[in-house]
Amino acid sequence: MPASPSGPVTSRTRSWWGWGYTDAHPDDAECVALGALLPGTSGRPLPVPRVADLSIGRPGVTPPTALAHLVTTDPGVRAAHAMGKAYRDVIRALRGRPGRIPDLVARPTDDREVADLLDWAGGRGVAVIPFGGGSSVVGGVEYRGDAHRAVLSLDLTSMDRVLEVDTVSRSARIQSGALGPVLEAQLRPHGLTLRHFPQSFEFSTLGGWLATRAGGHYATGRTHIDDFVQSLSVVTPAGTGTSWRLPASGAGPSPDRLFLGSEGALGVITEAWMRLQERPCHKASASVAFTDFQQALEAVRAIARSDLSPANCRLLDPGEALLSGASHDGSSVLVLGFESATSPVDDRLASAVDLALAHGGRGAHGERGGHSGPGGTPAADGEAPADTAVSAWRSAFLRMPYLRDGLVRMGAVVETFETAATWDRVPALIDAVRTEVGAAATKATGHPASVNCRLTHVYPDGAAPYFTVAVAGRPGDEVRIWDDIKAAASEVLHRYRATITHHHAVGRDHRPGYDLQRPDPFALALRAAKDALDPHHILNPGVLID
């Protein structure tokens, strides 16, 4: 059946240089207050950068008349498509030195227009960077190098409709450029939801989630967007293909798996049939504090091995708990959330809390009711939550990227990275990252560094630790410092055979670690697939393979 029109349109302005909306950025006074929390930062924030101050040259190519209506050369639009939202991107923009600004930005509206743009670009040697919401934090949407005569940013956000909803099979055919809120607004009249809520939900697209194998709302079970894919439609320079829509199949290697996580290097994902769910109406959450972080890890492992399947199971170490306002006494905090569309979840929550208390937890607090939003906790249209560690964590979770940008304006170097490892290596891995990456940050800057950790997703056989490194930088030397920290982190992850990324993709920043992680025969097959599907090597050059 046909779906409803596109979702709500906001009049708020997206930041071209930093995270989210411009009206949500910390003002100068808040930046100064943030800087006071980190020894060695400057006393005055860097000014907010202006597009007018950038050196933006004339486009190196002109599109043909037949495609001109899809393309813009507006300087502001081009600047906003020059890079993602990693620390490296933000500081370069603040210093007035963003990466290679694309010559053109195209906004196709259907598969045929995508194919026409790829045909033209291939014939002219123009690099094409597929672009969704631009929230990449690994250098996934920028061009580096000079091997191509020009760069085209292929913005898919005009392809943002839910085209069909199959209520019998509980799935929907959705265009890849739909931002999270736009997608959910079109599913809501059907009583259905994709229920995939990454932290970037407002500012990322379905296609971006698929191309990066994004992690989302669920801390256990269906943790990645892969789990919701029924079939994909992909446009490549070698042709267009759509996989069969099936609940499951054992017919050889999965065609969808070739493009999930391919980051636009093999083709442009334009549509997907996605498995949906009924909207949850039963919800419960709680927090449990721990004096001993190792005991907290054991508690999380016990919960992950149970059949309780919490939607949210996030463990915050003392630094992360303090930063989010979930604890002020040096405790680690476990945030638990359960949800269901069919039955109450209070018993499951109680069982999870009992497991946590049995492993040394204390002071459990909970909240009930309301429709759910990101992280298994009530959304803005639900019942107001109690003033607990759960609500404090939720607020900090959504606000944190903005606060990072405020710290960056004060001269801080703030790096985040995540990984996953089996349980037998998780405790030592976390200790090594805290010690070695902290030491590398201090050596690079001469200032004390903080390294905080939280578990974002957990499995019966392992967990996904997420680290935040913050240290005062040196003016003008921030990118080199960031490179040193990234190199130290990657070395530790490789030594412990922990993945270079659990849910933030490879991009260009994680390439060295990815090259070491993947088996050689697979790299050979991937290069062959690149040669076959993208013979002119125009699609997102430098991502995954050369």
Side-chain angles (χ1 to χ4, degrees), residues 13-22 25 28 31 42 44-63 67-68 70-107 117 120-121 124-155 157 203 404-406 408-414 473-483 507-509 538 540-543:
T13 302
R14 286 279 303 274
S15 172
W16 74 268
W17 64 270
W19 186 261
Y21 296 115
T22 56
H25 286 186
D28 286 2
C31 288
S42 65
R44 180 185 306 173
L46 290 169
V48 173
R50 303 186 311 161
V51 172
D53 295 331
L54 300 178
S55 176
I56 302 178
R58 294 175 60 84
V61 292
T62 301
L67 299 176
L70 302 175
V71 174
T72 181
T73 60
D74 178 82
V77 176
R78 291 167 62 192
H81 288 74
M83 52 193 178
K85 303 301 181 186
Y87 168 82
R88 188 177 188 273
D89 304 323
V90 172
I91 191 61
R92 285 185 297 161
L94 286 168
R95 294 295 184 190
R97 299 190 296 268
R100 168 75 179 268
I101 294 175
D103 298 79
L104 307 169
V105 177
R107 290 193 171 98
L117 286 162
W120 168 74
R124 298 296 301 274
V126 175
V128 178
I129 313 296
F131 193 98
S135 62
S136 172
V137 293
V138 293
V141 293
E142 67 174 282
Y143 181 84
R144 296 181 189 171
D146 56 5
H148 296 80
R149 63 180 298 183
V151 179
L152 170 73
S153 179
L154 188 68
D155 187 319
T157 53
F203 311 112
R404 179 209 63 174
D405 289 357
V408 177
R409 289 186 62 200
M410 296 303 297
V413 177
V414 185
R474 287 192 301 274
D477 206 22
E478 296 94 348
V479 172
R480 188 194 64 78
I481 292 169
W482 180 88
D483 286 339
R508 292 163 177 82
D509 298 335
I538 60 169
N540 219 1
V543 167

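Bear in mind the structure is a predicted one, so any value in this text is a computation, not a measurement. The residues of the chain are indexed from 1 along the displayed sequence.
- The main-chain N or O of Gly60 is found under 3.5 Å from a side-chain atom of Asp103 such that the two form a donor-acceptor pair.
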For this session: Apply side chain to side chain contact (heavy atoms under 4.5 Å, CB included) to the pair Val105 and Asp74, showing each step before the final yes or no.
Result: CA-CA 8 Å; Val105 177; Asp74 178 82; over 6 Å; no

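- For Trp16, there are no side-chain hydrogen bond (donor to acceptor under 3.5 Å, both in side chains) partners, not counting sequence neighbours.
- A side-chain donor-acceptor contact under 3.5 Å links Arg78 to the backbone of Pro102.
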Exercise. Going through the checks in order, is the side chain to side chain contact (heavy atoms under 4.5 Å, CB included) test met by Asn540 and Arg508?
Worked result: CA-CA 10 Å; Asn540 219 1; Arg508 292 163 177 82; 2.8 Å; yes

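- In this structure the side chain of Glu142 reaches within 4.5 angstrom of the side chain of Arg88, judged on heavy atoms.
- Thr22 places no side-chain N or O within 3.5 Å of a backbone atom of Arg14 that could act as its donor or acceptor partner.
- The minimum heavy-atom distance between Gly84 and Val141, with the atom names listed, is N-CG2, 3.7 Å.
- Atom CZ of Arg480 is surrounded by more than 12 heavy atoms from other residues, nucleotides or ligands within 6.0 Å.
- Using a 4.5 Å heavy-atom cutoff, the side chains of Arg58 and Thr73 are not in contact.
- A 6.0 Å sphere centred on CG of Asp53 holds more than 12 heavy atoms belonging to other residues, nucleotides or ligands.
- Going from atom CG of Leu46 over to atom CG of Leu94 covers 5.5 Å, rounded to the nearest 0.5 Å.
- With contacts defined as side-chain heavy-atom distances shorter than 4.5 Å, the pair Pro541/Ile129 qualifies.
- Not one N or O on the side chain of Lys85 forms a donor-acceptor pair closer than 3.5 Å with the backbone of Ser136.
- Side-chain atoms of Val413 and Ile91, non-hydrogen and from C-beta on, never get closer than 4.5 Å to each other.
- No donor-acceptor pair under 3.5 Å is formed between the side chain of His81 and the backbone N or O of Leu154.
- With respect to Asp89 and Arg92, a salt bridge is recorded, a charged nitrogen being found less than 4.0 Å from a carboxylate O.
- Considering all non-hydrogen atoms of both residues, Arg97 and Gly476 come closest at NH2-O, 4.3 Å.
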For this session: Show your working on side chain to side chain contact (heavy atoms under 4.5 Å, CB included) between Trp17 and Leu54 and close with a plain yes or no.
Result: CA-CA 12 Å; Trp17 64 270; Leu54 300 178; over 6 Å; no

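- Contact annotation: the side chain of Leu117 approaches that of Leu70 to within less than 4.5 Å [non-hydrogen atoms, C-beta and beyond].
- Every residue two or more places apart in sequence or in another chain that forms a side-chain hydrogen bond (donor to acceptor under 3.5 Å, both in side chains) with Thr157 is listed here: Asp155.
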For this session: Kindly indicate, with the supporting measurements, whether the criterion side chain to side chain contact (heavy atoms under 4.5 Å, CB included) is fulfilled by Val126 and Trp120.
Result: CA-CA 8 Å; Val126 175; Trp120 168 74; 4.3 Å; yes

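- Not counting sequence neighbours, the partners of Arg409 by the salt bridge (charged side-chain N to carboxylate O under 4.0 Å, His left out) test are Asp28.
- Residue Arg124 comes nearest to Arg149 through the heavy atom pair O-CD, 2.6 Å, listed as atom of the first residue, atom of the second, then distance.
- Arg107 has its side chain within reach of Val77: a pair of non-hydrogen atoms, C-beta onward, lies under 4.5 Å apart.
- Residues Val48 and His25 are not in side-chain contact: their nearest non-hydrogen atoms beyond the backbone lie 4.5 Å or more apart.
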